[in-house]
Structure formats: C-alpha cells, structure tokens
Amino acid sequence: MGFRVWLVGFCFWVCFLFCGSVNSKGLGLEEDGFVRGRVLIDGKSAIGGIDEDFVCATLDWWPPEKCDYGTCSWGRASLLNLDLGNNVLLNAVKEFKPLKLRLGGTLQDKIIYETEDHQQSCVYLSRNTTELFGYSQGCLSTKRWDELNEFFKKGGVKVIFGLNALNGRQIASDGSAVGAWDHTNAESFVRYTVRKNYTIHGWELGNELSGNGVGTRVTAEQYASDTIALQNMVQSIYKDIEYKPLIISPGGFFDENWFKEFIDKTTQSLDVVTHHIYNLGPGVDEHLVERILDPSYLDGMADTFYKLHEILRNSPTSAKAWVGEAGGAYNSGHNLVTNAFVFSFWYLDQLGMSAAYDTKTYCRQTLIGGNYGLLNTTTFEPNPDYYSALLWHRLMGRNVLSTSFNGTKKIRAYAHCSKQSKGFTLLLLNLDSNTTVHAAISYNRTRRLHHKHRSYNHKPKVIRIPRPHGIEGEAFREEYHLTAKDGNLHSQTMLLNGKILSVNSSGNIPSLEPQYVNSSEPIMVAPFSIVFIHMPNIVLPACR
C-alpha cells in the first residue's frame, strides 16, 4: 500500500512537471492565470542542523520612558515590571514546550545585581541623556529575580541571561571601553542563582560591544580574555553540579575581522557565538514593507550567515552560531509593520535562511515589548509572528534540506525533515500581490549550499534517487495556509486556513489545525500568503 501511495503521487508530480506548458525558465501560465512552478528538494542528505528548540525570543530591560521617533512602545514590558501573572503570557510561553528566552539588550550593560554581597538599595533605570545609552544605572533585585524564575519554571523556559560586560571599564576619549571586565558583582549573582537552584541554560557576556559597537566598543582581544574569565568563573561555581550552562558571547553585530579574532582566541572557552540582526534599517524608515517583499533584499543577509559559518568551519572551535537578537528594524520597530502580518515574510525567511547556514538557535526581539513583539505589549494578545513562530517550532525538524523554487522569484522555499513524522515539512512564502502559484515538488540531487543563497533560474538536472518510503495509509498531506485579515498586510490579525486566530476568554492559545489535501493535487499558494506543507508519506534519505 505504501509503495502504491508513493508511486501514484510521484507519477503525478513527474507528469505535472514535464507534461505541462512550462517556459524556458520553468514558469508556466495556465489559462486561468495561475503560475506553475516547482520546488526542488535534495533529499539525499541534510545541509545543516538546528536545535530542537531553535525558536527563541527575548525579554529586554527598556523602561516605559523608552521612546523612538515620538512613539513610546515599551509600556510595562521590561524584565523589571512585566506582569508575570498574566495568563495569556504564561500560556503563550507554555505552547513551545520549551521556549528559549534570552534576557538582555542595550541596558543589560547598565544593570547591577542585588545579592547578599551587594546590599545597596536597588534603584530603577531612569532617563539621563548625559549617561551612556541615555540611562542611569539600574538594578535587578533578588525579589524580582526570584519572581522571574518562578515564572520561568511554570512556563518551562530555557533561560539565557545576558551579564553586564562593562563593569570595571572606563570609556576612553575615542568612545571605546577599555580595561578588563570586573566580574565581582556578576559572580555574586551567579552564585546566588546556583544556591537558589535556578537552572540557567546559558550565560551570555555583554550586548553589542563587538566591532564598532553600539554606544561603545571593546576590542576582540580584550573580549576574548573576558569570555575566558567568564568560563573560568562558571566552571568554578558549577564544579559540583552535573548540568553546566553554555558560555555565550559576544552578542553583537557581525564584523568579520573582529569575530574571527575573537573566535580564534576563545577556542577552548566558548560554546555559542551570538550575533544580532537589524538589516531592514531604522523603524522610522518608510521603505520597510518594500524591503520585506523584495527577494533580492532578503538575500542580502545570506552573506553574513555564510561568512560566520565559514569562520567557524575553519576554526578549531566547537562553538555554534546563534542569532542572539533580531528585530529587523532597530529602535523598537515600526507599528503595523514589524508587529503585523507582513513581518512574517521577513521573520520566516530569516528562520529558513539562517537554518540553511547551520544556525542552531534564532532569538526574536522580542517576546513582548516595542513594536516588534510576538505578543501585543498592552493586551498580550499574540501578534501574527507568534503563530508563525509556533508553527515553525511544531513542524520544522532539525535536519535542513537544500531547497529551491523554479517558476518565480517571488516564492521563497525552505524544507526540513518533519518534527511530527518521518516525512518532511515545506515552507512556501508568496511575496507577490497578484499571483497564485500552483507548485509541484521534485526530488533531486543538487549542489550543496554556498554563499549565494539560491539561484532561482537554475534548472538542475533531475537524477533518479532511491524511492522514498511511503507510510501506510491514504495519500494525503497537511497544509497550513496563513493570510492577513481582509488581505491587509498591516493587519495584526492572522487567519489559518481562512479562520481567525485569537485567544479565547480563558486566555488559551488556539489550536493550529491543518487542512488535509490529496497528495495528487498541486500546492496552491495564494498571493501574499504563507504555507506550511507537512508531507508525512514521503520519507527522504536525509530524514530516515
């Protein structure tokens, strides 16, 4: 039965691909105006691998006074004042089972920690334009740290904590931060955390101090020395504890020369290399949507992923690459863009592209706060990207498959072995406003991914591969079609298979149910829509 299921489906795809009217670039226009195309998947072996909990989000320190371009979008979303008792917040976190949360941001390098060894009164971050980053020093109290950890335990959160890396340094006349890191206060805080039996997945040093830095900078040599000091400190404190947290650094923007020197000097000390992404420009920019929907602009990030991947590949380090913070548009994003449906095109494309370059974890700025939160800052209601992230988390497995699309440059295509079966899951993003695409799937051997993200006009030769093994049962696939309410890209309401997604009166996250489609039918991708396709009945060699 399994063989018959596979054979019927495969024969259909072959017929659909090669018997239809397709032009020299693989694009065929049917009489009713639909465009035909094909997804090409190399199922022989994986090109990369992601963590099981690849999807990560951030919580920041910004107070309500944080305003950008006349808009104050943070409200009470800071680590210091977030309502941890909100039921929607807790339910949203629980759905990921688990969710990595990176605690940090610009002001982490202005935070001191109240501990038994540091009993001065805890003061709140306050606006002061004469100070670095425009704020005075703030404090995390033991009481608040206890409250946060109670929430993390309830939600099943994996915590990555960003430590203040500027303690002990002076700001030189050229704007750089000089001197060694003074980890006295951080060490006291880590010891308190261990005594309380709080589990920390990773300790990260500093925020955006690499390369030219943001506000100030630290040389790669000094930062490497400080990271080694962090590792030594953590090893000493955790020496009698079986579970050892990750050592993570530098949490800044990618600078090729700086990162190479830093990685070369921390080969025995570093577990994770983190970098940040705000490639769309400032939140006030009027061309954000235009860039999000431009395939060539989206491809621009491939060079960063490739270069970091190559540095790590050519280094003796065992460290892995993470995106430690990514909000797309800096200075808190843009209301009704970075918190609206249209941003899922950028976000999911980032997840797909970074995974293809062996990025293990991707942390979205933010879980809540600013204009780029997965949750609404005021109501805690999930924004569209929350559902996009949740579907990725549930459907996209660890093994990444080389994937491309022939037919139109406006389709972005990514595939992974499935998280739910021995099959695979395909993600298609249609950036076109008018064109519906009928897509077929072809399995072939293609060249391995290199620094060009993909070539849409390339027509690889189809080579026979061993027959994928079908699973006993009907020939069906599961589809999740995501669209904006009323077709409005600026809508903060997302539809799944035509039904509005929203929490119920109890604050529960809605179930995300697929529609079942006969596998002999082409995949239909509507204009400005996103589709996850789970193919449980096709088992590729890379997914066995």
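This is a predicted model, so every value here is computed, not measured. No hydrogens, no waters, no symmetry mates; every other heavy atom, side chains included, goes into these values. Numbering of residues begins at 1 and proceeds along the displayed sequence.
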Check: Are Tyr372 and Phe343 close enough that their ring centres sit under 6.0 Å apart?
Finding: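 No; Phe343 has its ring centre 6.0 Å or more from that of Tyr372.
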Checklist line | Ring-ring centroid check Phe341 Tyr387, cutoff 6.0 Å | finding: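 Between Tyr387 and Phe341, which both carry aromatic rings, the centre distance is not below 6.0 Å.
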Next item on the list: Assign the ring pair Tyr362 / Trp346 to parallel, tilted or perpendicular, where the plane angle (0 to 90°) is split at 30° and 60°.
Entry: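 Ring orientation of Tyr362 relative to Trp346: perpendicular.
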Check: Quick one: side chain to side chain contact (heavy atoms under 4.5 Å, CB included) partners of Gln108, sequence neighbours excluded?
Finding: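 Expected list: Trp61, Arg102, Asn207.
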Polar side-chain atom of [X] near backbone of [Y] as donor-acceptor pair, under 3.5 Å:
| X | Y | value |
| --- | --- | --- |
| Asn371 | Thr338 | no |
| Tyr347 | Ser388 | no |
| Thr436 | Phe34 | no |

Checklist line | With Arg394 via side-chain hydrogen bond (donor to acceptor under 3.5 Å, both in side chains) - residues at least two apart | finding: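 Per chain and number, Arg394 pairs via side-chain hydrogen bond (donor to acceptor under 3.5 Å, both in side chains) with Glu95.
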Note to self: Checking Asn314 now: which residues fulfil side-chain hydrogen bond (donor to acceptor under 3.5 Å, both in side chains) with it, not counting sequence neighbours?
What the structure shows: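 Asn314 satisfies side-chain hydrogen bond (donor to acceptor under 3.5 Å, both in side chains) with no residue once adjacent residues are dropped.
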Notebook entry, point to check: Taking NZ, NE, NH1 and NH2 as the nitrogens, is one of them in Asp285 or Arg291 under 4.0 Å from a carboxylate oxygen of the other?
Noted result: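 Salt bridge present between Asp285 and Arg291.
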Notebook entry, point to check: Can Glu310 and Lys307 be counted as an ion pair, charged N to O under 4.0 angstrom?
Noted result: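 A salt bridge is absent here (no side-chain N lies under 4.0 Å from a carboxylate O).
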Margin query: If you compare all heavy atoms of Glu479 against all heavy atoms of Asn497, which two are closest, and at what distance to 0.1 Å?
Written below: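 That would be O-ND2, 3.4 Å.
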Next item on the list: Write down the atom of Leu428, the atom of Ala439, and the distance for their closest heavy-atom approach.
Entry: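 Here Leu428 and Ala439 meet closest at CD1-CB, 4.3 Å.
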